[in-house]
Amino acid sequence: MDQVYTSFVKQSLDGKTLDRELCENILVSSDIELLPLLTAAFQVRNKYWGRKVTVHVINNVQNGGCLENCTYCAQSCESKTEINTYPMKEEKKILEGARVASESGAFRYCMVFSGTGSSKKRIDNLVEIIKKIKKLYNLEVCVSPGFIDRQDAEKLKKAGLNRLNHNLNTSENYYPHICTSHNFQDRVDTIMAARSSGLEVCSGLIAGMGEGPSDIVDAAFKLHELKISSIPVNFFMPIEGLRLNGKFELTPDYCLRVLCLFRFLNPEAEIRVAAGREMHLRTMQTLSLYPANSLFMDGYLNTTGNNSVQTLQMIKDAGFIIESDKIIDEILDNSNKIPGAVEE
Ligand code: SF4
């Protein structure tokens, strides 16, 4: 490998942050070629995660009706996107989702709420649900509850919650372009509340909302500074009716560079290729597993992902190892698909 790529690996593994200008070059410079970049990112990934891939399933346990005005979100008060709006699902349905996730070979079950924050009543409901999931299934549990204070974070932690998700989404500078009903610091405050209660924190970004490469670099540095252990990297999906519209072109090449950058700056983190994988990476999806060690399988919020069998087959075909492999083998066997011939 050329010296320049070797230096990315060395700096990352030595815990040094790469120079900002270099980070921007990783995203946009044609002097930095994609394949050696992916090889370099894989060396860092391999050190901490080997060839393992963790598969996550999302359950949107409440949808729509949010009072915030995030321009990229179909649940925002200003969105015209037609979505299936519903209040918090009944406990029975949420537990059923956990059962299906467990039987689908998911490692983690993520329950996502729309809205600014959770009422005390909702937190109490969640406490009971988390306790039941942890008792019934061998699943890690993550909740995305919106803004939260330390007291509620502690209640969830005590119930058995493993991880709390609250995305930064973009840089502090660009934040006013994607939302004006709350600010970047509000998001950082929730992350700090979760952290101080002892919860693991998951926080990531959405690339492709009109921001510049420097905003992506800023967000990656901020997540590094906050020592975030789980980073979902989403790629914006311009669905009809969103307030955020315009021509924000993401190419597979750029998306892969974003993932590599996040790996170099956050070498030990679980980097997840999240929403937009199918739309923006298209035939190059498999390559995302070289920098990323985790992905979402189905259950995207208000959009549709690949089906589970295709996703699992893709991981196995590329020679990666899925967490809870035994059940995955059963799923692939039962699907009556010949490896290498997965159909729609
Ligand atoms: S706070 Fe969350 S659910 Fe509400 S509009 Fe923003 S991203 Fe969407």
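Order of listing sets the numbers, starting from 1, for every ligand and every atom in it. For clarity, every value in this text was computed on a predicted model and none was experimentally measured.
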*Asks:* Could you find the nearest protein heavy atom to atom 6 (Fe) of ligand 1 and give me its residue, atom name and distance?
*Replies:* C70 SG, 2.3 Å
*Asks:* Is there a path of hydrophobic side-chain contacts, each under 4.5 Å between heavy atoms of I, L, V, M, F, W or Y residues, that connects I271 with Y48?
*Replies:* yes
*Asks:* Starting from atom 4 (Fe) of ligand 1, locate the nearest protein heavy atom and write down its residue, its atom name and how far away it is, to 0.1 Å.
*Replies:* C66 SG, 2.3 Å
*Asks:* Quick test: of every protein heavy atom, which one is nearest to atom 3 (S) of ligand 1, and how far off is it to 0.1 Å?
*Replies:* G115 N, 3.4 Å
*Asks:* Could you identify the single nearest non-hydrogen protein atom to atom 7 (S) of ligand 1 and state the distance to 0.1 Å?
*Replies:* Y72 OH, 3.5 Å
*Asks:* Which bit of S76 is near ligand 1, meaning a heavy atom under 4.0 Å away: side chain, backbone, both or neither?
*Replies:* both
*Asks:* Working to the nearest 0.5 angstrom, can you tell me the gap between K16 NZ and Q11 CD?
*Replies:* 7.0 Å
*Asks:* If you measure from CG on N169 to CZ on R187, what distance do you get to the nearest 0.5 Å?
*Replies:* 5.0 Å
*Asks:* Let me see the working for V61 and I129 under side-chain contact (heavy atoms from CB on, under 4.5 Å), right down to the final yes or no.
*Replies:* CA-CA 12 Å; V61 294; I129 289 167; over 6 Å; no
*Asks:* Has C73 got an N/O/S atom less than 2.8 Å from atom 4 (Fe) of ligand 1?
*Replies:* no
*Asks:* In a check of side-chain hydrogen bond (donor to acceptor under 3.5 Å, both in side chains) between N293 and each of K52, R45, R263, R272, which one passes?
*Replies:* R263
